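Everything numeric in this text was worked out from a predicted model, so none of it was measured.
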Amino acid sequence: MAAALPSLAPLLIFARILGLLVAVLIFVWVLAFSSSFGHLPPAPDDRIFDVLHPLFMVIGFILLSGEAILVHSWLPGSRNLRKSVHLILQGLALTSGFFGIWTKFHWDRGFLANFHSLHSWLGLSVFTLFGAQWMMGFLSFWLWREVRATRERVLPWHVFLGLYSYALAVTVAETGLLEKLTLLQTKRNVPRKGPEAMVVNSLGLALALLGGIVVLTAISPKYTPSLPTIKQPFVSNSKPLSS
């Protein structure tokens, strides 16, 4: 089996560090600044659902989905094993995203009242694209395994749409942070250079770095290329017979 490139190790380590940083920052934000979530005045139930929305979306579409992409770069074993783990992690990411969107149904005005911004439009687009991607991957690589030509045609589109949807998910998270922070600064007088603003801005920066590292790792070569075998010309060591 081909050997994994050692140059991917720093990228994988950096991606894990950034993923851990994103997880810590999102939990610090929703726990330490929980009063920033919910209606004005905040109702307990609304605050809970407002807190769960960023948690589900970031954990699902960015952390779990990013790990699913990285699986092909570090997980040893057969290709079918990597595909199985990739499919499971993406399924968990899609489920987490579904619950993240479901939290928006619990506002007093309903879901459609929240469907008014670029963040919400892009968010539903990402969820739809993730769902289509997961179904395409499941059907083409597991139910249609005997149709090799179909798999070969679908694979480049599956890879492209997967990376595109992941990058779009990072963009959606950034627009959500910007929308939330703008609302806090204009309606709740949150200081522009206060602790919460620093946490949210740091989270946005960590998300941008994590997205870049995941995509870079995904497009980097996974294995050392095998060098072609050069056939040496046959040289005879035998001496010609003397007459």
Tell me the closest heavy-atom pair linking G60 and A93, and the distance in Å. O-CB, 3.0 Å
Of the non-hydrogen atoms in S65 and Q90, which two are nearest, and what is the gap between them? OG-OE1, 3.2 Å
Apply the side chain to side chain contact (heavy atoms under 4.5 Å, CB included) test between V214 and each candidate in L18, V170, I69; give the one that qualifies. I69
T217 side, atom OG1; W74 side, atom CH2 - distance, nearest 0.5 Å: 13.5 Å
What distance do L178 atom CG and N201 atom CG have between them, rounded to the nearest 0.5 Å? 9.0 Å
Can L209 be reached from L21 by stepping across I, L, V, M, F, W or Y side chains whose heavy atoms are under 4.5 Å apart? yes
Do K180 and V200 have side chains that approach each other closer than 4.5 Å (heavy atoms only, starting at C-beta)? no
Evaluate L181 against R192 for side-chain contact (heavy atoms from CB on, under 4.5 Å), listing each step before the verdict. CA-CA 9 Å; L181 190 57; R192 296 180 182 275; over 6 Å; no
According to a hydrophobic-cluster definition based on side-chain heavy atoms being under 4.5 Å apart (Ile, Leu, Val, Met, Phe, Trp, Tyr only), do I13 and V71 belong together? no
Check whether L55 and L177 end up in the same hydrophobic cluster, where Ile, Leu, Val, Met, Phe, Trp and Tyr are linked by side-chain heavy atoms less than 4.5 Å apart. yes
Can you hop from F98 to L168 via hydrophobic side chains spaced under 4.5 Å? yes
Nearest-0.5 Å distance that lies between atom CD1 in I17 and atom CG in L12: 11.0 Å
Close side-chain approach of W102 and F49, heavy atoms under 4.5 Å: yes
Compare every heavy atom of P191 with every heavy atom of A197, then report the nearest pair and how far apart it is. CB-O, 3.6 Å
If hydrophobic clusters are built from ILVMFWY residues whose side chains come within less than 4.5 Å, do L20 and V28 share one? yes
In Å, rounded to the nearest 0.5 Å, how long is the span from CG of L122 to OG1 of T171? 7.5 Å
Could you label the plane-to-plane angle of the F160 and Y164 rings as parallel, tilted or perpendicular, counting under 30° as parallel and over 60° as perpendicular? parallel
Step-by-step side-chain hydrogen bond (donor to acceptor under 3.5 Å, both in side chains) determination, Q133 to S165: CA-CA 9 Å; Q133 270 285 94; S165 59; 5.1 Å; no
Aromatic ring pairing H119/H53, orientation class (parallel under 30°, perpendicular over 60°, tilted between): perpendicular
For residues R188 and S35, report the shortest heavy-atom separation together with the two atoms involved. NH1-O, 2.8 Å
L210 CG to L207 CG distance, which is reported to the nearest 0.5 Å: 7.0 Å
Exercise: identify the closest heavy-atom pair between A173 and I62: CB-CD1, 3.7 Å
What is the ring orientation for H86 with H72, classed by angle as parallel under 30°, tilted 30 to 60°, or perpendicular over 60°? tilted
Step by step, work out the ring-ring contact (aromatic ring centres under 6.0 Å, His included) result for F130 and W134. CA-CA 6 Å; F130 258 85; W134 192 87; over 10 Å; no
Is the shortest heavy-atom distance from the side chain of L163 to the side chain of I219 under 4.5 Å? yes
Would a 4.5 Å heavy-atom cut-off, applied to side chains only, mark V58 and F27 as touching? no
Spacing of CG belonging to L70 relative to CG belonging to L11, to within rounding of 0.5 Å: 9.5 Å
Heavy-atom closest pair, residues A68 and L89: CB-CB, 3.6 Å
Apply ring-ring contact (aromatic ring centres under 6.0 Å, His included) to the pair W29 and F37, showing each step before the final yes or no. CA-CA 10 Å; W29 184 34; F37 295 87; 5.0 Å; yes
